[in-house]
> 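Take a look at the following structure, please.
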Amino acid sequence: MKRIVSFATLALLMFGSCTSEKKTAENPFFSAWDTPYGVPPFDRIVPAHFMPAFERGISLHDAEIDAIVGNHDEPTFENVILAYDRSGRMLSQVGLVFGMLCEAESSEELRALQEQAMPLLTAHADKIGMNASLFEKVKSVYDRRRELGLGPDESRLLEKTYRSFVRSGALLDEAQKARLKEINEELALVSVKFGANLLAENNNFVLELTADDLDGIPSNARDLARDKAQEMGRSGKYVFTLHKPSMLPLLTYSKRRDLRETVYKAYLGRGSHGDEFDNRQLVNDFVRLRAEKAHLLGYPSYAAYVTDDQMAGTPAAVYSLLNEIWTPALERAQGELAEMEELFKADYPDGEFASWDWWYYAEKLRKKNYSLDEEMLTPYFSLENVQTGVFFLANRLYGITFRPVAVPVYHSEVTAYEVLDADESHLGIVYFDYFPREGKSQGAWCGYYVEQGYDDQGARIAPVVSIVANFTRPTRNTPALLTLDEAGTIFHEFGHALHFLFHDVKYRGLSEVEGDFVELPSQVMENWAFEPEMLKHYAVHYRTDEVIPAALVEKLRRSTLFNQGFATTELIAASLSDMDIHSIEHYEPFDVEAFERHALHEKRGLIPQIEPRYRYPYFSHIFDGGYSAGYYFYTWAEVLDKDAFEAFRQSGDLFDKQTAARFRRLLSRGGSEDGMTLYRTFRGQDPDKTAMLVARGLMERPAPAPEPDSLAVAPIEELPAPKE
């Protein structure tokens, strides 16, 4: 997942930072950082610094906007658009640090600070976005755009700037603007509350077991549970939590069906217990406010508002792709269920297969059909080896290298690397923060503390990027041994990091790509993770240093499509539920569970043995994570990433440097062109969804074309031409 942090979304993020033992005499945001490589001075930042920094940042930004508005010269690209693009740098920088750190290292103090900061930041963003005098100048330049002789980057920046003002409410009357400001402030506070509730729910659940309860659970998972119990002062016990490195081994291996049911129901029930952390009313608030916002801005629904600014263009295009995948995926999942039910009935002749049984019997089925299980694989996927693997891949493709560096960090578990380009010039810094903590949000993501750009003298500002995850911890007996899913996640998030590192964007306003393009750079990296040619370079047994055996690689290859019906169905179910709730045109209070049940089970036939990947009360992606009406981004981008990987296959070399050079050019452009234009330039053709459908097991791979120069291409009709 990519954390999207820009001034336009600043007021919608959750913010925070480090411990309070550090000296607070001098605010580090008030002067240039003298740290190595320009990283944030984490060793000097405390929560008390943020409000003064935000206040000064807002004041400086106001002065910069006033200077643009007060300039009596004829509006030009330089004195309006470029001046606006350069404004607000201090505020943006404070927000980047503040937003990223809160996700990784939150606290009661910081959550209180969020509630204080959000209204202030939201009001400031709205004041600029709805500034009639400023927009008048922007529009003056935009209306004369064909007369100005602008270059491609300048034209693109002008277009995006104008469009951002319109989407922020610049064309509304004063009463409408006032209401939109109220809506945005309410949404910001609802977002803070939703995230805080979910963090509390994740931390509050504890399943305490004894050694007699652990039948079937692997030794590594037992060690983690024992270490967690000791950390909590419960020596002699074993503690399991809702963090996936703890929960999934229990669901996958525990022979105690009652324990599997307990932990999975707790996971599904987060945010819906009727207590102080209940998120169901907040979901109603999100839908009500977002629908009203869309109407004010001239859209029938919030989904229409969001997709209008994406590659998809319309909700109809999104539904078309999702519905095409839904039916074959569900049919495949039903076939998987039928196989597992045979195993289930052997254990429970009179029982009924439930959702909390899926992982356990899927693992049994994998052993039966492929003689393969996670326990055989994890010794070859130590965290250190997998990280070495992504470094190797980046070097083979792009010639870049990595070296550990000593720089300030915000937590003792965080490590940092300098990234050197092929010519050994400094490309940027990457932080790695791998393990669960109580103050850290669930999941994995990548974002940046310092954004790539150019200063006023034309020198490149190197990015400072961070990869954050919640992976399986090391124990006293073993290093961190990753599941296949966790190993793939490192490749995924590292793809986001490469996107940030390779950015060579002239203007800040051209940094961001469309949301449904965002996951292409990350997902394409996953394609290499388990290729036999790649595995031999990093999949090494942590004890014996033996490279993963060819026989085991072959088993892994044969099992590639295993359980894909389930994985695809739960993914598309979540995407559809997201689109459905944001396609509501006329809000009325509704029962969250009933809405989901109707949308997925009654309307589309989702079987009760599969839950959507996320249910509304804990669907952080769409309510406080920047993916509202956008969870489909992953599937849309998967069409692109699988087709992009085909370019490497067709070259005859998975590490082909010429193809990699073309892909790096795509990454370097940021949002300087629309996503479809960037992709077509790289690929030389429209994206073909065939590779995605094959990878998901939803169709057979077509026979090779008879003539190499006349490859049959099946374009995705749903992907429209670039918007003019």
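Scope of the values below: all heavy atoms of this structure, side chains included, with no hydrogens, waters or symmetry mates.
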> Are any of the side-chain heavy atoms of Glu64 and Arg89 separated by less than 4.5 Å?
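The answer is no, as the side chains (C-beta and beyond) never meet within the 4.5 Å cut-off.
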> I need the full list of salt bridge (Lys or Arg N to Asp or Glu O under 4.0 Å) pairs touching residues 66-76, with sequence neighbours left out, sorted by first then second residue.
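Of all non-adjacent pairs touching residues 66-76, those that pass salt bridge (Lys or Arg N to Asp or Glu O under 4.0 Å) are Glu74-Arg144.
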> With no hydrogens and no angle check, just 3.5 Å: does a side-chain donor-acceptor pair link Glu519 and His492?
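A donor-acceptor contact under 3.5 Å links the two side chains.
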> Find out whether Asp308 and Arg163 are in side-chain contact, i.e. whether some heavy atom of one side chain is under 4.5 Å from a heavy atom of the other.
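A side-chain contact exists here, since the closest heavy-atom pair is under 4.5 Å.
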> Suppose the criterion is ring pair (Phe, Tyr, Trp, His ring centres under 6.0 Å): which pairs have a residue in residues 138-157, not counting sequence neighbours?
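Listed once each, the pairs are Tyr142-Tyr162.
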> For Tyr37 and His426, I'd like to know if the aromatic rings sit close, meaning centre-to-centre distance below 6.0 Å.
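Yes - the distance between ring centres of Tyr37 and His426 falls below the 6.0 Å cut-off.
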> Closer than 3.5 angstrom, by distance alone: can the side chain of Asp516 be matched with the main-chain N or O of Ala312 as a donor-acceptor pair?
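Here the side-chain-to-backbone pair exists.
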> Can Arg280 and Asp285 be counted as an ion pair, charged N to O under 4.0 angstrom?
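Here Arg280 does not pair with Asp285 in a salt bridge, since their nearest N and O are not under 4.0 Å apart.
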> Measure centre to centre between the rings of Phe165 and Tyr84, then say whether the value is under 6.0 Å.
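Ring centroids of Phe165 and Tyr84 are less than 6.0 Å from each other.
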> Do the side-chain N and O atoms of Tyr616 and Asn279 include a donor-acceptor pair separated by under 3.5 angstrom?
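Checked: Tyr616/Asn279 side chains show no N/O donor-acceptor pair below 3.5 Å.
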> Decide, yes or no, whether a salt bridge links Lys160 with Asp674 under the criterion of side-chain N to carboxylate O below 4.0 Å.
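Asp674 and Lys160: not salt-bridged.
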> When you look at Tyr631 and Phe619, which way does the ring pair (Phe, Tyr, Trp, His ring centres under 6.0 Å) test go after all the steps?
CA-CA 10 Å; Tyr631 197 68; Phe619 205 161; 5.2 Å; yes
> Does a salt bridge link Glu292 with Arg179, judged by any charged N lying under 4.0 Å from a carboxylate O?
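Salt bridge between Glu292 and Arg179, a charged N being under 4.0 Å from a carboxylate O: yes.
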> For Phe623 and Tyr618, I'd like to know if the aromatic rings sit close, meaning centre-to-centre distance below 6.0 Å.
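Aromatic pair excluded; centres sit 6.0 Å or further apart.
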> Roughly how far, to the nearest 0.5 Å, is the NZ atom of Lys293 from the OH atom of Tyr302?
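So the gap between those two atoms works out to 5.0 Å.
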> Does a salt bridge link Lys506 with Glu154, judged by any charged N lying under 4.0 Å from a carboxylate O?
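Looking at Glu154 together with Lys506, the answer is yes, because their closest N to O distance falls below 4.0 Å.
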> Verify whether the ring centers belonging to Phe517 and Phe633 lie closer than 6.0 Å.
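Ring centroids of Phe517 and Phe633 are no less than 6.0 Å from each other.
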> Tell me the salt bridge (Lys or Arg N to Asp or Glu O under 4.0 Å) pairs involving residues 432-443, sequence neighbours left out?
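Non-adjacent pairs meeting salt bridge (Lys or Arg N to Asp or Glu O under 4.0 Å): Glu105-Arg437, Glu413-Arg437, Asp433-Arg437, Asp433-Lys440.
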> Would you say the rings of Tyr431 and Tyr448 are close, in the sense that their centroids are separated by under 6.0 Å?
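Here the rings of Tyr431 and Tyr448 have centres that are no less than 6.0 Å from each other.
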> Just do the ring pair (Phe, Tyr, Trp, His ring centres under 6.0 Å) check on Tyr449 and Phe42 with the steps written out, would you?
CA-CA 11 Å; Tyr449 290 101; Phe42 294 120; 5.2 Å; yes
> Any non-hydrogen side-chain atom of Val97 less than 4.5 Å from a side-chain atom of Phe29?
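Val97 vs Phe29: side chains touch.
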> Indicate yes or no: at least one non-hydrogen side-chain atom of Pro40 is less than 4.5 angstrom from one of Thr35.
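Heavy-atom side-chain distance check fails, nothing below 4.5 Å.
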> For the ring pair Phe494 and Phe402, is the centre-to-centre distance below 6.0 Å?
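Yes, the ring of Phe494 comes within the 6.0 Å limit of the ring of Phe402, centre to centre.
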> Decide, yes or no, whether a salt bridge links Asp153 with Arg669 under the criterion of side-chain N to carboxylate O below 4.0 Å.
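A salt bridge links Asp153 with Arg669.
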